[in-house]
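What follows is a set of notes on a single structure, which appears directly below.
Sequential numbering from 1 along the given sequence is applied to the chain's residues. Each ligand, and each atom within it, is numbered from 1 in the order the structure gives.
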Amino acid sequence: MADPQLTVMIPAEVIQGRVRELALEVSEQFQGGPITLLGVMTGSLMFLTDFMRALEVPHQVGVIQASSYCGESTTSGKLTVNIDFLPSLTGRNVLLIDDILDTGQTLQRLVEEIETLDPASLNTAVLLWKQCRTTYAVEPNYYGFKIDDHFVVGYGLDYNDDYRHLADICELRLQ
Ligand code: 5GP
Ligand code: MG
């Protein structure tokens, strides 16, 4: 049964088309590779896996954990980053992949952490960009869609760890 709290904002086929476009753009930039994709868990799960299948350059994949939301739909301001499971990034061309750029705190913190590991280059790709809310001085090198200030779920994005499995990106209106 349809969930009355959800409204489709970006349908699955539109997401799929845009992710393929981004992957081709990155393939052009890094002709021949190799690059290292670094997915920010858990929200970038679907974006990362669709993106890597469309990428036409040899690449390695790692994940990094960062969370700033603790069961709320507004940012808590606290951020935890776990770099324990990273592959070696020294001398590699790294592309950091995240689900959504909101205030920019997460991306800025992650970029600072990764820079300390001496990658040859560091670029960033986010699927969604709430540019109207970005207060930190960061801009993604690649983004899929700019969206207005709505709380969205699906395609990896969660609310209290629910809704990640949805193929569409949906606005969630809590009642
Ligand atoms: P920032 O640090 O840029 O403020 O927040 C980025 C993180 O907040 C994202 O990686 C994501 O986990 C979470 N976030 C921000 N906006 C939304 C949203 O609309 N929906 C969901 N599910 N998470 C969001
Ligand atoms: Mg996140």
Side-chain angles (χ1 to χ4, degrees), residues 2-12 14-16 18-19 22 26 36-52 61-87 89 94-116 122-175:
D3 185 332
Q5 301 189 117
L6 296 176
T7 316
V8 175
M9 180 187 272
I10 310 174
V14 177
I15 302 170
Q16 293 298 324
R18 184 68 184 128
V19 170
L22 287 178
V26 170
T36 300
L37 305 181
L38 200 55
V40 184
M41 290 295 108
T42 308
S44 77
L45 201 55
M46 288 207 196
F47 180 31
L48 175 68
T49 52
D50 284 337
F51 185 90
M52 57 194 278
V61 184
V63 297
I64 187 167
Q65 187 108 42
S67 50
S68 61
Y69 275 30
C70 300
E72 290 168 23
S73 61
T74 53
T75 188
S76 69
K78 278 196 215 121
L79 183 72
T80 8
V81 175
N82 183 348
I83 59 166
D84 291 352
F85 304 108
L86 286 185
L89 301 181
V94 175
L95 180 63
L96 185 66
I97 304 240
D98 204 359
D99 51 2
I100 183 166
L101 172 53
D102 184 23
T103 64
Q105 185 195 27
T106 308
L107 205 63
Q108 191 178 70
R109 256 296 292 291
L110 288 172
V111 164
E112 283 166 12
E113 294 270 353
I114 296 162
E115 290 287 6
T116 66
L122 177 57
N123 283 268
T124 56
V126 297
L127 183 67
L128 304 173
W129 187 8
K130 283 188 193 170
Q131 193 178 16
C132 58
R133 285 193 25 105
T134 308
T135 48
Y136 286 75
V138 281
E139 286 199 3
N141 297 99
Y142 304 90
Y143 67 89
F145 306 92
K146 284 185 184 170
I147 62 166
D148 292 333
D149 186 11
H150 301 292
F151 189 78
V152 291
V153 294
Y155 196 68
L157 290 136
D158 73 308
Y159 176 67
N160 282 347
D161 270 323
D162 285 328
Y163 302 112
R164 291 194 198 278
H165 64 286
L166 301 174
D168 306 312
I169 290 171
C170 301
E171 182 182 347
L172 175 68
R173 280 202 210 85
L174 295 168
Q175 283 154 6

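The CE atom of M46 lies 11.5 Å from the CG atom of D99; values are rounded to the nearest 0.5 Å. Summarising the geometry, atom CG belonging to L101 is positioned 10.5 Å from atom CD1 belonging to I147; distances are rounded to the nearest 0.5 Å. Atom CD1 in I114 sits 8.5 Å away from atom CG in L107 (nearest 0.5 Å).
Assignment of K130 to the shell around ligand 1 is supported, since a heavy atom sits closer than 4.0 Å. Judged by the shortest distance from any of its heavy atoms, G43 lies outside the 4.0 Å radius around the atoms of ligand 1. By the 4.0 Å heavy-atom criterion, Q108 is excluded from the residues contacting ligand 1. Within the structure, the closest approach of F151 to ligand 1 falls below 4.0 Å when heavy atoms are considered.
Every atom of ligand 1 with a heavy atom of D98 under 4.0 Å away is listed here by number and element: 10 (O). Ligand-side atoms of ligand 1 in range of L157: 21 (C), 22 (N), 23 (N), range being under 4.0 angstrom from any heavy atom. Remark: ligand 1 atoms within the under-4.0 Å shell around heavy atoms of H150 are 19 (O). Those atoms of ligand 1 that come under 4.0 Å of a heavy atom in D158, given as number and element, are 21 (C), 22 (N).
Closest heavy-atom approach to atom 1 (P) of ligand 1 among the candidates V152, V138, T103: T103.
Not counting sequence neighbours, the partners of R164 by the salt bridge (Lys or Arg N to Asp or Glu O under 4.0 Å) test are D158, D161. With sequence neighbours excluded, the residues that form a side-chain contact (heavy atoms from CB on, under 4.5 Å) with V14 are I10, P11, F145.
Note: an N/O pair closer than 3.5 Å links G104 and ligand 1 by distance alone.
If you look at L107 next to ligand 1, there are no close heavy atoms at all, none under 4.0 Å. At a 4.0 Å heavy-atom cut-off, ligand 1 touches D99 through the side chain alone.
Under the 3.5 Å distance criterion, the side-chain polar atoms of T103 are left unmatched by any main-chain donor or acceptor of T134. N141 places a side-chain N or O within 3.5 Å of a backbone atom of T124 that can act as its donor or acceptor partner.
Checked options V126, L38, T36, L37; the residue passing with L96 is L38 (criterion: side chain to side chain contact (heavy atoms under 4.5 Å, CB included)).
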